[in-house]
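Below you'll find the structure, written out as structure tokens, and then a few comments.
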Amino acid sequence: AQKVTQAQTEISVVEKEDVTLDCVYETRDTTYYLFWYKQPPSGELVFLIRRNSFDEQNEISGRYSWNFQKSTSSFNFTITASQVVDSAVYFCALSDLTGANSKLTFGKGITLSVRP
Amino acid sequence: EAQVTQNPRYLITVTGKKLTVTCSQNMNHEYMSWYRQDPGLGLRQIYYSMNVEVTDKGDVPEGYKVSRKEKRNFPLILESPSPNQTSLYFCASSLPPTGEDEQFFGPGTRLTVL
């Protein structure tokens, strides 16, 4: 069965600090996809990134970067120079293509608070 | 604008009173699904649909029904709501599933069952 573990539940940092959100996954599939979503206080889910299992290149997008390591089954997310607007719940998710069901298996989420 | 809409956004109801949460997408997506989000549990899939008239159970289907009579709509039905169905509900849609496709999520419906 698919599983996503986000061991950190709550993280609090001061603005401009760097912060890394950890994600560890379990799957028996050789082909799979990993996602990060952001849920701001307003409640909607905002898609951040998708990564497939064959692409282990790290990715940087502005202040965001992602480190995918298949050897450790981890897909960590770093925010550089955090800002108050980064305060949100962050979910890591694994795509489970079981038959025709493209279910996303979510972690429990990490609540990030960025203080001014 | 490509979007998934849900109605209502907020609902407070009482135990046993049937309710329907609507979901509609304008992207001609074949695949749609419902998730519920609970504190400390993340999001869990309730039901999904691969196309019109094709639906199946997700991980937590008990107490819910769905229908898919039209491609764009995928309502979630609670025939007899109970307090343990108090949750934040999300509808999602995507192209035929290959696992890689971004799923577009609706804005969420916050349901309270008293």
Side-chain angles (χ1 to χ4, degrees), chain A residues 1-10 21 23-55 68 75 88-111, chain B residues 2-6 8-10 23 27 29-61 66 68 87-111:
Chain A
Q2 315 278 5
K3 186 177 179 181
V4 175
T5 302
Q6 296 181 264
Q8 304 151 311
T9 54
E10 294 185 17
L21 310 181
C23 173
V24 174
Y25 61 92
E26 296 176 27
T27 179
R28 292 181 181 177
D29 294 342
T30 54
T31 302
Y32 51 88
Y33 296 85
L34 294 160
F35 301 78
W36 275 93
Y37 285 86
K38 173 183 179 180
Q39 186 177 44
S42 50
E44 74 274 20
L45 286 167
V46 179
F47 167 79
L48 295 177
I49 191 171
R50 171 182 58 242
R51 172 68 69 214
N52 75 54
S53 54
F54 297 108
D55 183 2
F68 175 35
F75 186 42
V89 181
Y90 290 86
F91 291 99
C92 180
L94 172 67
S95 182
D96 174 2
L97 187 61
T98 304
N101 182 15
S102 187
K103 181 180 74 175
L104 286 170
T105 299
F106 284 83
K108 295 181 180 180
I110 301 170
T111 300
Chain B
Q3 60 181 352
V4 178
T5 57
Q6 293 178 227
R9 295 289 312 281
Y10 303 90
C23 172
M27 294 166 280
H29 285 164
E30 294 183 7
Y31 179 86
M32 298 183 74
S33 63
W34 278 101
Y35 292 83
R36 61 177 288 174
Q37 180 183 353
D38 301 291
L41 295 177
L43 284 83
R44 296 174 292 168
Q45 191 186 57
I46 303 171
Y47 266 95
Y48 66 96
S49 169
M50 294 168 284
N51 214 326
V52 175
E53 302 293 1
V54 183
T55 64
D56 206 346
K57 298 176 181 178
D59 293 326
V60 288
V66 293
R68 188 92 181 271
S87 188
L88 178 58
Y89 291 87
F90 287 98
C91 180
S93 76
S94 72
L95 294 169
T98 60
E100 68 175 308
D101 300 294
E102 176 189 347
Q103 291 197 29
F104 292 80
F105 284 87
T109 294
R110 190 168 294 279
L111 172 65

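Proteins come first, then strands; the chains are lettered A, B, ... in the order of their sequence lines, and each starts at number 1.
- More than 12 heavy-atom neighbours from other residues, nucleotides or ligands sit within 6.0 angstrom of CZ on B/Arg44.
- For B/Asp38, no part lies under 4.5 angstrom from a heavy atom of chain A.
- Heavy atoms of A/Gln6 lying under 4.5 Å from chain B are absent altogether.
- Note that CZ of B/Phe90 and CZ of A/Phe106 are 9.0 Å apart. Values are rounded to the nearest 0.5 Å.
- For the side-chain contact (heavy atoms from CB on, under 4.5 Å) test with B/Gln103, the passing option among A/Phe47, A/Tyr37, A/Phe35 is A/Tyr37; the others fail.
- Considering all non-hydrogen atoms of both residues, B/Gln37 and A/Phe91 come closest at NE2-CZ, 3.4 Å.
- To the nearest 0.5 Å, the span separating CG on B/Asp59 from CD on A/Gln2 amounts to 10.5 Å.
- Heavy-atom pairs under 4.5 Å with chain A peak, among B/Gly108, B/Gly40, B/Gly58, B/Ser33, at B/Gly40.
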Worked check of side chain to side chain contact (heavy atoms under 4.5 Å, CB included) between A/Gln39 and B/Leu88:
CA-CA 12 Å; A/Gln39 186 177 44; B/Leu88 178 58; 3.8 Å; yes
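- Per-residue counts of heavy-atom pairs under 4.5 Å with chain A were compared for B/Gly42, B/Pro107, B/Ala92; the largest is that of B/Gly42.
- Side-chain contact check for A/Leu104 versus B/Phe105: some heavy-atom pair is nearer than 4.5 Å.
- Between the OH atom of B/Tyr31 and the NZ atom of A/Lys103 there is a distance of 9.0 Å, given to the nearest 0.5 Å.
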